[in-house]
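Throughout, numbering of the chain's residues begins at 1 and tracks the sequence. Start at 1 and go down the list; that is how both ligands and their atoms are numbered.
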Amino acid sequence: MDGRDDIGARGLVRALRVLPPSDKIGWEGITLDPEDTPLTSSDCLFCRIASGGVPADVVYQDDHVVAFRDISPQAPVHFLVIPRRHVASLNAAQESDRDLLGRMFLAARDQARAEGIAESGYRTVLNVGPDAGQVVQHVHMHVLGGREMGWPPG
Ligand code: 5GP
Ligand code: ZN
């Protein structure tokens, strides 16, 4: 027993969750398999929305992603697409998240169709980090539509 066994790999990952995201999860030479990371983080607002613990106006969900209306809409249609799995930002995404990120785009497209904005057009936005104004540290795709939008964004 070397002490680490007390909390196990999952406990260690949970402990590291509170630290700023880095592209490697590890400690003292241990690199953990991303597949071993917890599916949700109880400290994360969007994990709690995905699990149903915090109410939201969910417009789409499947085994991998959830889409719900933004609480402060910036366009007639404004919803967010998130992975169920906690990924703090695009910067924290792993190679193994390739499929998940693709699923987010396809869910955005399908829900945009369902909202009737596929033909008029819509914008997908992924804010990453402070300069982009990312507030919630769980990767999310904004989908905005139903009005003309300016370019470049502010
Ligand atoms: P960010 O600035 O991180 O890219 O976007 C976060 C988005 O989440 C914002 O547009 C904000 O309005 C939305 N948001 C924050 N808290 C909640 C919430 O509790 N429920 C919902 N539905 N949206 C939220
Ligand atoms: Zn989360």
Side-chain angles (χ1 to χ4, degrees), residues 7-27 32-112 114-117 121-154:
I7 56 172
R10 284 181 181 278
L12 178 58
V13 171
R14 277 191 199 97
L16 289 167
R17 261 307 150 229
V18 299
L19 299 175
S22 67
D23 36 357
K24 274 214 162 81
I25 299 171
W27 193 358
L32 299 173
D33 182 346
E35 298 301 326
D36 192 38
T37 57
L39 294 177
T40 62
S41 163
S42 57
D43 297 333
C44 170
L45 172 65
F46 284 0
C47 280
R48 293 171 71 188
I49 286 178
S51 67
V54 167
D57 187 357
V58 173
V59 292
Y60 174 88
Q61 57 181 318
D62 61 29
D63 288 347
H64 306 277
V65 304
V66 179
F68 53 95
R69 297 206 187 282
D70 195 293
I71 203 166
S72 175
Q74 303 301 311
V77 174
H78 184 181
F79 59 88
L80 305 172
V81 183
I82 64 168
R84 286 193 185 276
R85 196 168 87 74
H86 182 84
V87 178
S89 86
L90 190 58
N91 282 342
Q94 313 266 341
E95 277 302 305
S96 55
D97 293 321
R98 192 179 286 270
D99 179 68
L100 192 56
L101 295 168
R103 286 177 183 277
M104 288 171 62
F105 273 103
L106 294 183
R109 178 204 61 187
D110 290 349
Q111 185 57 27
E115 303 269 348
I117 56 168
Y122 56 94
R123 184 166 291 166
T124 61
V125 176
L126 251 163
N127 292 323
V128 183
D131 274 1
Q134 182 180 0
V135 172
V136 179
Q137 305 306 312
H138 179 130
V139 70
H140 50 280
M141 182 183 293
H142 295 259
V143 181
L144 303 118
R147 67 166 170 82
E148 267 188 50
M149 273 166 272
W151 189 265

> Within a 6.0 Å radius of atom CZ on Arg48, are there more than 12 heavy atoms belonging to other residues, nucleotides or ligands?
no
> Using the Zn ion (ligand 2) as the apex, give the angle to atoms ND1 (His138) and SG (Cys47), rounded to 10 degrees.
110°
> Measuring from the Zn ion (ligand 2), name the closest N, O or S atom belonging to His86.
ND1
> Can you tell me if His142 uses its side chain to pair, donor with acceptor, with the backbone of His140 under 3.5 Å?
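Side chain of His142 to backbone of His140, a donor-acceptor pair under 3.5 Å: no, none is there.
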> Has the side chain of Arg84 got a donor or acceptor atom that lies under 3.5 Å from a matching backbone atom of Asp62?
yes
> Can you tell me how far the CD atom of Gln94 sits from the CG atom of Leu101, to the nearest 0.5 Å?
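So the gap between those two atoms works out to 11.0 Å.
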> Just wondering, are more than 12 heavy atoms of other shown residues or ligands nearer than 6.0 Å to CG in Asp57?
yes
> Give a yes or no on whether the backbone of Phe46 and the side-chain of His86 come within a donor-acceptor separation of less than 3.5 Å.
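No; judged by distance alone, with no hydrogens or angles, the pair does not exist.
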> Distances for all N or O pairs of ligand 1 and the protein under 3.5 Å?
from     : atom 1 : to     : atom 2 : distance (Å)
ligand 1 : 2 (O)  : Gly133 : O      : 2.9
ligand 1 : 3 (O)  : Val135 : N      : 2.6
ligand 1 : 3 (O)  : Val136 : N      : 3.0
ligand 1 : 3 (O)  : His140 : NE2    : 2.9
ligand 1 : 4 (O)  : Asn127 : ND2    : 2.9
ligand 1 : 4 (O)  : His140 : NE2    : 2.8
ligand 1 : 4 (O)  : His142 : NE2    : 2.8
ligand 1 : 5 (O)  : His140 : NE2    : 3.1
ligand 1 : 5 (O)  : His142 : NE2    : 3.2
ligand 1 : 10 (O) : Asp70  : OD1    : 3.2
ligand 1 : 10 (O) : Asp70  : OD2    : 2.5
ligand 1 : 12 (O) : Asp70  : OD1    : 2.5
ligand 1 : 22 (N) : Arg69  : O      : 2.9
ligand 1 : 22 (N) : Ile71  : N      : 3.4
ligand 1 : 23 (N) : Ile71  : N      : 3.3

> Is any side-chain heavy atom of Met104 closer than 4.5 Å to a side-chain heavy atom of Pro83?
yes
